[in-house]
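Provided herewith is a single structure, encoded as structure tokens, for subsequent inquiry.
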Amino acid sequence: MTPVKCKEMVCALLEDSEFNTAIDQIITNQYVSNMLEDTDYDKYIPRAVLSIAITKEYERFKPVSEIGIAIEEHIRKALSM
């Protein structure tokens with residue numbers, strides 16, 4: 001697989017995910033909506049929303065096979081070096 005093909009496949013997974021729905025649910029939450037009104041938090045809220053959405057979607061996409069889990073752990077370890 002080429003890097004380009006890998007990126008295409010990752011993007012396809014994101015398009016098929018509930019990622020946008022998760023983001024919409026977070027930003028329309030009353031607590032978050034109240035925070036959006038406070039301009040002191042403008043630069044922090046988008047990153048927090050993205051982080052929460054990624055965490056929620058990870059539960060759907062996390063590897064379920066031993067091979068998938070091993071590959072994910074190996075990539076994490078390589079990226080932390």
Q) Is there a side-chain contact (heavy atoms from CB on, under 4.5 Å) between F19 and L50 once you walk through the steps? A) CA-CA 9 Å; F19 200 61; L50 180 61; 3.6 Å; yes

Q: Would you give the length of the straight line joining atom OG of S65 to atom CD1 of I71, rounded to the nearest 0.5 angstrom?
A: 7.0 Å

Q: Mind checking the CG-CG spacing from N34 to D38? Nearest 0.5 Å is all I need.
A: 10.0 Å

Q) Are Q25 and N29 close enough that a side-chain donor and a side-chain acceptor fall under 3.5 Å? A)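 Side-chain D/A pair, Q25 to N29: absent.
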
Q) Is there a donor-acceptor pair closer than 3.5 Å between any side-chain N or O of E57 and the backbone N or O of E18? A)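 Yes, E57 side chain to E18 backbone: donor-acceptor pair under 3.5 Å.
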
Q. Is T55 reaching over with its side chain to a backbone N or O of S51, donor-acceptor style, under 3.5 angstrom?
A.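 Such a contact is found between T55 side chain and S51 backbone.
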
**Q.** Atom OH of Y31: over 12 foreign heavy atoms under 6.0 Å
**A.** no

Q) Going through the distances and angles, do M1 and M9 end up as a side-chain contact (heavy atoms from CB on, under 4.5 Å)? A) CA-CA 10 Å; M1 174 185 312; M9 292 175 73; 3.7 Å; yes

Q | Approximate separation, where rounding is to 0.5 Å, of L79 CG and H74 NE2 | A | 10.0 Å

Q) Between CD1 of I67 and CD of E72, what distance do you get to the nearest 0.5 Å? A) 14.5 Å

Q | Hydrophobic cluster membership, Y41 vs I23, 4.5 Å side-chain cutoff | A |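 Yes, one cluster joins them.
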
Q: State the CE-CD1 distance between M35 and I27, to the nearest 0.5 angstrom.
A: 13.5 Å

Q) Which distance, rounded to the nearest 0.5 Å, do you find between the OG1 of T28 and the CG of L36? A)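 Output value for this atom pair is 10.0 Å.
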
